[in-house]
Amino acid sequence: MAAGCVVLAQEHAQEMADRRAGQAQLAVLPAGHVVHHDAPDRFADVVRTFLSRQLMR
């Protein structure tokens, strides 16, 4: 979730993450709507962490 995103409100993103508790988490990154472009290193860290947790299950 990009802090500066105008497409998806943070409360809606949180609601979606809450519905998938234990399977997803919400990370708010300092970026606009195109997170992987605006904050590529931080985005990669978040994805890497998520995938590592999924593989450990």
statement: In short, A31 meets V35 closest at the heavy-atom pair CB-CA, 4.1 Å

task: Can you measure from CG (L29) to CG (D45) and round to the nearest 0.5 angstrom?
output: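 Answer for the CG-CG pair, L29 versus D45, is 9.5 Å.
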
message: With rounding to the nearest 0.5 angstrom, report the NE2 to CG distance, H33 to L8.
response: 8.5 Å

- request: Hey, could you give me each pair passing salt bridge (charged side-chain N to carboxylate O under 4.0 Å, His left out) that has a residue in residues 6-18? Not counting sequence neighbours.
  value: E15-R19

task: Scan V47, D41, V46 and name whichever one has a side chain to side chain contact (heavy atoms under 4.5 Å, CB included) with F43.
output: V47

